[in-house]
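In what follows, a single structure is set out as structure tokens and then discussed.
Naming convention: chains lettered A, B, ... in sequence-line order (proteins, then strands); numbering from 1 in each chain. Predicted model, so just to flag it, every value in this text is computed and none were measured.
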Amino acid sequence: MTFSPELEARFEKFLAKYPADRKRSAMIPMLMYAQDEIGSITDELVDEVARRVGVTPLQVNEVLTYYSMLHRKPLGKYHVQICTNISCLLLGGEELWNKATHKLGIGHKQVTADGRVSLEEVECIGACSWAPAIQVNFDFYHDVTMAQIEKLIDGLAAGKRPEEITELVKVNR
Amino acid sequence: MPYNEPNPLEVRILSRRFGLPNSQSIDTYLAHDGYQALEKAAGMTQEEIINEVKISGLRGRGGAGFPTGMKWSFVPRQSPKPKYIVINSDEAEPGTCKDRLLVEYDPHQMIEGIIIAGLAVGAQQGYVYIRGEYRYLMDIVDRAIDEAYARGYLGDNILGRGIKFHLATHNGAGAYECGEESALLESLEGKRGFPRIKPPFFPAAIGLYGEPTVVNNVETMANIPWIVNNGGAAFAALGAGRSTGTRLFALAGHVRNPGNYELEMVKTTFRDLIYAPVLGGGIRGSNTLKAFIPGGVSAPWFAPEQVDLPLGQDEVGNAGSMLGSGSVVVMDSATCMVRAAWRITKFFSRESCGQCTPCREGSGWLERIMYRIENGDGREEDLDLLMDLCDNISPGVAWPPQQTTICVLGPSIPSSIASGIRMFRDEFLVHVKEGGCPFD
């Protein structure tokens, strides 16, 4: 299986982090970053990572099914994660979630037919003091309003990139 | 800006570099006392460093509040085995968002603390375990680690004194359970995040790869440079009793100014945090305080009458809850307590690792009963059924809870439901009688 030179360089760095007889430690980081490039964790990727860290494909499968951020099926190009846990619940996270699902006609961990947008109702993402909060892929958006989620969902569905939707600005640099 | 401007009620130790230009960079850090504590620690014996941390009274800031110096002293320093320092940056207790700021705005403060911990216990390798959702923090810490290597604060010859310590990041992939220290170690080894049974698996004896390991929270580590620079006694002079120093309290919910505030422990109360104009600013609109969670969703709730309790570990513990991760969630008079407790229970049900029956099965049953009450299908006897289930998960439904599971996640599940029923029984009954949520 071939990866981009950047991902290969990353794999090399990962494998060098752990003691020589503990390569299995690199499994989850490799799966996470490979998933970003490939779109999901395919059978082929499972075999490849298993081979590189020296475990069986079954052992990789056993691990990846535990973690909510590792996906066997592709997500949308833009994965919109809306937190509805307590701090966000108190300040409108559920309303954001309902608005997004109704607008797109998809539910939890589902993808729009064109593959552009997927939704996930996530547990606490560590933005409680700036609730309600969402993530689009790995970017954080704080204090999200109903007007903003509408603009975001409409924009993404219409083919815009998040940067082009000026009503929301990501907080991480 | 995710952090607030300094104000007179705050005591800024951990957050004093927040807001400096390029506060992430090693140059900014070096211009503001950076790596001076490491220079000092390099001239101290291991016993002297550990003793200074013991004198400081510093307790773990992740939730359990174990004394840090004592934790370090448990590591067999003379053992020829490799030893590890592992930093828990898997921050995922709902309500908690302070480690994110400490890593984002001052990564070198944490890194310096980690290197000093390595010196103290004789470890030569450390890992910073960062939750998968915090991808941008991975990049920040990776850059900071590269800077520290380039300046000789990490590597095989630190400060030119032959000190060896290496540090690397490691990402999680979405699992609350991995914030539990032994589950975190399993995850770091490339496995499912299943907590280990203690004994025998105390990390200080049998930790990462079966070797002696210190697992500390980000905020705990971030305190170390200041303690070494200023002495443990200066740290212990802040706060009172067994709660020394400051904490970065995360305030969320129905207050006018939610945010992260660094406050001196014990000397400040929940009332200050929630109502002081320069802190929480009081309850939003014209509503009033209904209840608050004092330390993350694992903690039992407090009523408005408890708002004058000091922000101290023992003070909160003696009142039947815990300061936990230092995250305070405020609920006002417009909040449906059934819905709040249901959502927290749903969280535990989704995040249970599934190893232990009381947690795996109990959380699901509780969640389904709570759901039917909130949605109009509840029965009066459900209240007793809920409490009976809670009692099965944690006999007596008291705090601190009785342990029936491998880790503490299980016995924390009843906290919100038991608090809700004890404090707001009538509200639960109204849901049953009216066949739905009166707040909808």
Side-chain angles (χ1 to χ4, degrees), chain A residues 13-14 16-19 21-33 35-36 53 55 59-60 62-71 81 83-91 93-94 121-131 133 135 137-140 142-143 170-173, chain B residues 2 82 91-100 104 125 127 131-137 140 166 168-178 187-194 209 250-254 258-260 293 297 327 329-332 335 339-340 343-344 346-347 350-351 353 416:
Chain A
K13 266 183 108 171
F14 287 158
K17 285 180 179 181
Y18 313 98
D21 58 341
R22 301 290 182 178
K23 300 240 170 289
R24 182 177 175 151
S25 281
M27 185 205 295
I28 296 164
M30 286 170 81
L31 290 169
M32 275 283 272
Y33 284 82
Q35 172 178 266
D36 291 348
V53 303
V55 299
Q59 286 171 307
V60 174
E62 181 199 62
V63 171
L64 79 88
T65 50
Y66 176 89
Y67 294 95
S68 67
M69 295 180 78
L70 299 176
H71 305 283
Q81 302 140 79
C83 177
T84 60
N85 206 314
I86 187 69
S87 307
C88 290
L89 173 90
L90 295 175
L91 292 165
E94 274 193 335
E121 184 193 23
V122 289
E123 296 301 339
C124 186
I125 52 174
C128 313
S129 295
W130 316 288
Q135 278 191 287
N137 297 342
F138 290 103
D139 290 327
F140 278 88
H142 289 168
D143 304 308
K170 67 174 182 175
V171 291
N172 50 291
R173 291 167 287 173
Chain B
E91 180 165 73
E93 175 76 13
T96 317
C97 48
K98 43 101 183 167
D99 292 338
R100 213 181 123 188
E104 179 169 352
Q125 176 69 53
Y127 294 103
R131 66 179 295 188
E133 293 85 347
Y134 287 179
R135 171 68 63 86
Y136 78 108
L137 293 189
I140 288 171
H166 291 271
T169 51
H170 181 98
N171 68 271
Y176 168 69
E177 188 56 43
C178 290
S187 181
L188 184 43
E189 291 182 6
K191 300 170 189 164
R192 294 169 83 89
F194 281 170
Y209 308 135
L251 182 63
H254 295 146
N260 282 239
I293 312 175
V297 297
S327 26
V329 181
V330 175
M331 297 181 276
D332 74 6
T335 311
R339 193 158 197 82
R343 186 60 186 86
I344 292 168
K346 178 178 167 183
F347 160 74
R350 287 173 84 173
E351 295 294 334
C353 83
S416 56

Please confirm whether A:Tyr18 and B:Tyr209 have ring centers closer than 6.0 angstrom.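 No; B:Tyr209 has its ring centre 6.0 Å or more from that of A:Tyr18.
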For the residue pair [X] and [Y], what are the closest heavy atoms and their distance?
| X | Y | value |
| --- | --- | --- |
| A:Tyr66 | B:Ala175 | CE2-CB, 3.6 Å |
| A:Lys17 | B:Tyr127 | O-OH, 2.7 Å |
| A:Glu121 | B:Arg350 | O-NH2, 2.9 Å |

Derivation of the side chain to side chain contact (heavy atoms under 4.5 Å, CB included) call for B:Asn171 and A:Tyr33: CA-CA 10 Å; B:Asn171 68 271; A:Tyr33 284 82; 3.7 Å; yes
Chain B contact via [X] - side chain, backbone, both or neither, heavy atoms under 4.5 Å:
| X | result |
| --- | --- |
| A:Ala131 | neither |
| A:Leu89 | side chain |
| A:Val122 | backbone |
| A:Met27 | side chain |
| A:Glu62 | both |

Ion pair B:Arg339/A:Glu94, N-O distance below 4.0 Å: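 Result for this pair is yes, salt bridge flagged.
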Looking at side-chain heavy atoms only, is the closest gap between A:Cys128 and B:Val329 below 4.5 Å?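 The answer is no, as the side chains (C-beta and beyond) never meet within the 4.5 Å cut-off.
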So NZ of A:Lys13 and OG1 of B:Thr169: to nearest 0.5 Å the spacing works out to 7.5 Å
Roughly how far, to the nearest 0.5 Å, is the CD atom of B:Glu133 from the OG atom of A:Ser68?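 A:Ser68 atom OG to B:Glu133 atom CD measures 6.0 Å (nearest 0.5 Å).
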